[in-house]
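Note sheet for the following structure.
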Amino acid sequence: MEKEQFEEKESIELIADMIARTKHRLCIGDGNIMLLWGYLAVAVALLVWVLLVVLQHPAVNWLWFLIWIIGGSITPKLARKSRDKSGVTSYVDRVSNSVWSLVGWCSIIATFMCLGFMLFAAKDCWGVMMVFALLIVGMAEAVQGIVLQERSLIVGGAVGVVCGIFIMCCLVGGIMLYAHWCMPLFILAFVAMMIVPGHIINHKAKK
Amino acid sequence: MKELNALLHSQLRLAVMSILMNVADADFVYIKGITGATAGNLSVQLDKLSSAGYIEVKKEFVGKKPRTTCAITTLGREAFCEYVEALKEYIKL
């Protein structure tokens with residue numbers, strides 16, 4: 001590509017060619033970040049569930065923070081690595097990053113709010129985090145799926161939203177969130193929301 | 001008939017602008033790979049586009065490696081659209 005001047009028709013062909021070549025990259029990224037959050041959420045939920053059954057102590061619930069700490073520290077590194085590997089940020093990537101940043105900030109605010117209620121009002125509001133993890137994350141994922149036109153994300157997100165609404169109804173209706181049904185629901189929702197779409201996206205990216 | 005923007009009516013510069021119109025930003029290696037240009041030539045053309053205010057070039061270090069990232073500016077976007085409009089007149093699309 002060294003020619004300085006060229007025909008008008010060639011210009012149109014060149015523009016079309018460049019758009020086509022960059023379009024290929026816009027299809028889909030890799031699903032490693034989703035897999036990280038999915039497996040992390042499932043592993044921590046299983047750990048909390050087992051310890052709750054064995055120890056019968058509510059302090060075990062502090063372990064939920066592991067999702068936040070581990071996921072929050074590894075995600076920027078993975079995102080950076082993925083961006084460096086591809087060498088390009090598409091507009092879809094930008095929308096996606098903004099949506100997930102918003103979810104991240106909302107989760108921080110929600111966590112501190114629940115902590116505040118617990119410390120200053122002696123009220124247990126941690127059930128809200130369960131709703132947040134399913135409803136808001138599911139919604140964000142469905143939006144990402146719509147932008148990327150990836151059905152697994154839309155379906156996974158919808159599963160999360162439905163589970164989140166269900167938990168919210170239970171909380172509002174005063175139904176206790178017992179671990180024996182709440183934990184499997186949380187785990188299944190995260191498998192549908194993160195693990196399945198993550199593997200599907202990686203499989204498509206490899207193709 | 002509108003005159004074609006001489007800065008854009010060059011194969012490599014137009015290719016770079018077409019790529020940057022389609023993405024939020026792209027690094028030097030990516031653009032080099034897509035266009036198939038040599039590093040020296042691409043660097044010269046990026047400087048020309050940057051001097052005209054059509055693109056923004058950001059140089060940074062990722063670890064120990066230098067990285068050059070390019071993004072189109074509003075001025076560049078307008079110039080590109082005008083160029084395409086002028087092209088349409090030329091080839092009577």
Side-chain angles (χ1 to χ4, degrees), chain A residues 1-30 32-33 73-102 143-144 146-150 205, chain B residues 1-38 40-42 44-45 48 58 60-63 65-72 80-81 83-93:
Chain A
M1 195 169 284
E2 304 290 328
K3 229 160 76 178
E4 184 66 18
Q5 294 298 324
F6 60 119
E7 293 294 314
E8 288 77 22
K9 209 178 168 189
E10 285 179 280
S11 298
I12 293 285
E13 284 167 4
L14 178 70
I15 293 168
D17 183 36
M18 289 300 127
I19 290 172
R21 287 194 204 188
T22 47
K23 214 173 184 178
H24 175 71
R25 162 66 184 81
L26 299 182
C27 291
I28 219 141
D30 57 65
N32 289 345
I33 294 177
S73 52
I74 299 177
T75 300
K77 285 176 195 164
L78 276 181
R80 183 102 201 176
K81 201 176 156 191
S82 162
R83 198 246 172 265
D84 291 345
K85 202 172 133 191
S86 67
V88 66
T89 311
S90 68
Y91 291 107
V92 171
D93 294 335
R94 198 166 269 186
V95 170
S96 197
N97 292 345
S98 304
V99 168
W100 287 109
S101 295
L102 190 67
V143 169
Q144 192 183 17
I146 292 164
V147 173
L148 284 170
Q149 294 179 314
E150 172 55 47
Chain B
M1 201 178 273
K2 278 185 199 170
E3 210 167 293
L4 287 174
N5 182 336
L7 192 65
L8 294 185
H9 197 59
S10 137
Q11 211 167 9
L12 184 51
R13 288 196 292 270
L14 183 62
V16 170
M17 290 294 281
S18 305
I19 293 167
L20 295 179
M21 277 292 282
N22 214 23
V23 297
D25 61 57
D27 72 20
F28 187 87
V29 179
Y30 177 82
I31 299 172
K32 187 171 162 279
I34 297 261
T35 58
T38 61
N41 191 18
L42 180 59
V44 170
Q45 306 312 328
K48 285 185 185 177
K58 199 169 88 183
E60 60 187 341
F61 276 89
V62 179
K65 283 184 186 170
R67 194 175 73 188
T68 305
T69 313
C70 307
I72 200 160
F80 185 85
C81 292
Y83 177 82
V84 171
E85 284 305 312
L87 261 186
K88 280 183 190 170
E89 281 183 30
Y90 271 86
I91 55 173
K92 296 191 174 50
L93 267 179

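So that the names make sense, note that chain A is the first sequence line, chain B the second, and so on, each numbered from 1. All figures in this text were calculated on a predicted structure; none of them were measured in a lab.
- Summarising the geometry of B:Leu20 relative to A:Tyr91, their closest heavy-atom pair is O-OH, 4.1 Å, with the distance given to 0.1 Å.
- The closest side-chain heavy-atom distance from A:Leu14 to B:Gln11 is below 4.5 Å.
- At a 4.5 Å heavy-atom cutoff, B:Ile31 makes no contact with chain A through either its backbone or its side chain.
- A:Ile15 CD1 to B:Met17 CE: the interatomic distance, rounded to the nearest 0.5 Å, is 10.0 Å.
- Residues A:Val88 and B:Ile19 form no side-chain contact, since every pair of their non-hydrogen atoms from C-beta on lies 4.5 Å or further apart.
- For the residue pair A:Ser11/B:Tyr83, the side-chain donor-acceptor check at 3.5 Å is satisfied.
- When heavy atoms are compared at a cutoff of 4.5 Å, B:Phe28 does not approach chain A at all.
- By the 4.5 Å heavy-atom criterion applied to side chains, A:Arg21 and B:Asn22 are not counted as neighbours.
- Proximity to chain A is absent for every atom of B:Val16, based on heavy atoms less than 4.5 angstrom apart.
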